[in-house]
Amino acid sequence: MGGPDSRSKPKLLDAVRTEIRLRRYSRRTEEAYVGWVRRYVLFHGKRHPAQMREAEVRAFLIHLAEELKVSASTQNQALNALVFLYRNVLRLPIGELEPFVRARRPGNLPVVLTRQEVQAVLGGLSGVSAIVATLMYGSGLRLLECLSLRVKDLDFERMEIRVRRGKGRKDRVTMLPVASKADLHRQLEVAKRIHQHDLAVGTGRTALPEALVRKYPNAERQWGWQFVFPASGRYLDREAGFERRHHVHESIIQKAVRRAVLKAGITKPATCHTFRHSFATALLENGYDIRTVQELLGHSHVSTTQIYTHVLNRGRLAVISPADLPGPN
């Protein structure tokens, strides 16, 4: 990317990947940041970022907001990627980027389903999609947190689920719903047969964080580290030179939930994440302390959890509508 010479292009992106991996960022973040750096450079005619500064970054962000109409969160992600590029890869003074004001997200309330609506959606699901959706609603898991579960993360004796490296790279523990216990046992039997077959044909490896691979070189083949929801096929890890099996892709669950919502006749814009919102709201409705809900959700600040008090059926302050007050005697 040092101008029109395409041979320098991989060098910058490789440097971005290296710095991201040194900080143990998720693979999803790595792909997003690399993608934004590539788009930034292409937008400015393949000029090297070291030759550009505040004006070029601002022009790119304005292009995203005004011409492409991206959301505030998408614009902020692009800015995060460019700040990372200049601060950690190019080592250029970050002060030149500070004047940017981050796009403000609209203060939309979360979409929440009633218990009857949740049951209607779950009734339209089957197989892995039904198990995953029940876990999202019964444990408050995000979709990717659920699909990333390893066998060792399920504790049936204590009825707990350990979420490893969730959003914000934080670990937490949440409940394992009794409603999911039997289905999870059956799912583990299916996953174990798949793993045993993989081992028999000379594969049986799963992806692990690089630090774990170095510390426990045989862990990637061990049963406890396998995904609870393995993908139907293996993929070739080109860097390692052999096949691995990842977890089910999130789009499979997203499409199944979308179909189930439509089939149930629900007009709310419900998605997989709606189950997590419904989990939090249901706990608050049942009188659980907001700090407990915060811990189960993995929120860093209770202010994030407090948004669910705005969508309780009885209202945040338990205020009775004037139209529902008894009339005069």
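Numbering of residues begins at 1 and proceeds along the displayed sequence.
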F84 and V37: CA distance, side-chain angles, deciding distance, side chain to side chain contact (heavy atoms under 4.5 Å, CB included) verdict: CA-CA 10 Å; F84 183 91; V37 171; over 6 Å; no
Trace of the side chain to side chain contact (heavy atoms under 4.5 Å, CB included) decision for T203 with R205: CA-CA 6 Å; T203 57; R205 295 182 176 91; 5.6 Å; no
V57/E54 under side chain to side chain contact (heavy atoms under 4.5 Å, CB included): CA gap, chis, key distance, verdict: CA-CA 5 Å; V57 174; E54 176 186 333; 5.9 Å; no
Stepwise side chain to side chain contact (heavy atoms under 4.5 Å, CB included) check, R276 with M136: CA-CA 6 Å; R276 176 173 161 89; M136 289 189 291; 5.7 Å; no
Derivation of the salt bridge (charged side-chain N to carboxylate O under 4.0 Å, His left out) call for D183 and R186: CA-CA 5 Å; D183 287 337; R186 285 191 287 269; 2.4 Å; yes
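Sorted pairs that involve residues 252-267 and meet side-chain hydrogen bond (donor to acceptor under 3.5 Å, both in side chains), not counting sequence neighbours, are lacking altogether. The stretch residues 110-155 participates, sequence neighbours left out, in no ring-ring contact (aromatic ring centres under 6.0 Å, His included) pair at all.
Of all heavy-atom pairs spanning A256 and L125, the tightest one is O-CD2, 3.4 Å. Of all non-hydrogen atoms in G140 and F279, the two that sit nearest each other are CA-CD2, 3.3 Å. The two atoms that bring Y33 and Q77 nearest to each other are CE1-O, 4.3 Å, heavy atoms only. The two residues I161 and L154 come nearest to each other via the heavy atoms CG1-CD2, 4.0 Å. Closest non-hydrogen pair, E220 versus Q226, comes out as O-NE2, 3.0 Å. The two residues V111 and H277 make their nearest non-hydrogen contact at O-CB, 3.4 Å.
In this structure, the side chain of H48 engages the main chain of A50 through a donor-acceptor pair within 3.5 Å. No donor-acceptor distance shorter than 3.5 angstrom exists from the side chain of R245 to the backbone of G204, with no hydrogens or angles considered. Side-chain atoms of T274 come within 3.5 Å of backbone atoms of T271 as a donor-acceptor pair (strictly under, hydrogens ignored).
Distance check, rounded to the nearest 0.5 Å: CG of L61 to OG1 of T74 gives 12.0 Å. Separating the CG atom in L147 from the CD1 atom in I252 is a distance of 9.0 Å, to the nearest 0.5 Å. To the nearest 0.5 angstrom, I20 atom CD1 is 9.5 Å from L85 atom CG. Rounded to the nearest 0.5 Å, atoms CZ (R234) and CD1 (I194) are 10.5 Å apart. With values rounded to the nearest 0.5 angstrom, R221 atom CZ is found 8.0 Å from N218 atom CG. Distance check, rounded to the nearest 0.5 Å: CG of D289 to CG of L283 gives 11.0 Å.
Side-chain contact between R47 and E56: present, with at least one pair of heavy atoms (C-beta onward) separated by less than 4.5 Å. N80 places none of its side-chain heavy atoms less than 4.5 Å from the side chain of T29. Residues L199 and W223 have side chains not in contact (no heavy-atom distance under 4.5 Å, counting atoms from C-beta outward). Inter-residue side-chain proximity for I290 and Q294 is flagged as unmet; no heavy-atom pair is nearer than 4.5 Å. Taking the side chain as every heavy atom from C-beta outward, F229 and I253 never approach each other to under 4.5 Å. With contacts defined as side-chain heavy-atom distances shorter than 4.5 Å, the pair E189/R193 qualifies. A heavy-atom distance below 4.5 Å is found between the side chains of L92 and R53. Using a 4.5 Å cut-off on side-chain heavy atoms (C-beta onward), S139 and L176 make no contact.
V178 and F275 fall within a single hydrophobic cluster, where Ile, Leu, Val, Met, Phe, Trp and Tyr side chains are chained together by heavy-atom contacts under 4.5 Å. Cluster membership for F227 and V163, using ILVMFWY side-chain heavy atoms within less than 4.5 angstrom, is not shared.
Ionic pairing of E145 and R172 is present here: one or more N-O contacts between side-chain nitrogen and carboxylate oxygen are shorter than 4.0 angstrom. Checked for salt-bridge contact, D153 and R164 meet the test: a charged N lies under 4.0 Å from a carboxylate O. Salt bridge E30/R17: present, at least one basic N to carboxylate O contact under 4.0 Å. A salt bridge does not link E295 to R291: none of the charged side-chain nitrogens sits closer than 4.0 Å to a carboxylate oxygen.
Other residues, nucleotides and ligands contribute over 12 non-hydrogen atoms within 6.0 Å of the CZ atom of F43. Atom NE2 of H185 has more than 12 heavy atoms from other residues, nucleotides or ligands within 6.0 Å.
Checking S251 against H249 by side-chain atom types alone, a donor-acceptor pair falls below 3.5 Å.
Partners of L144 under the side chain to side chain contact (heavy atoms under 4.5 Å, CB included) rule, at least two apart in sequence or in another chain, are R28, S148, H247, E250.
Relative orientation of the Y40 and Y86 rings is perpendicular, given thresholds of 30° and 60° on the angle between their planes.
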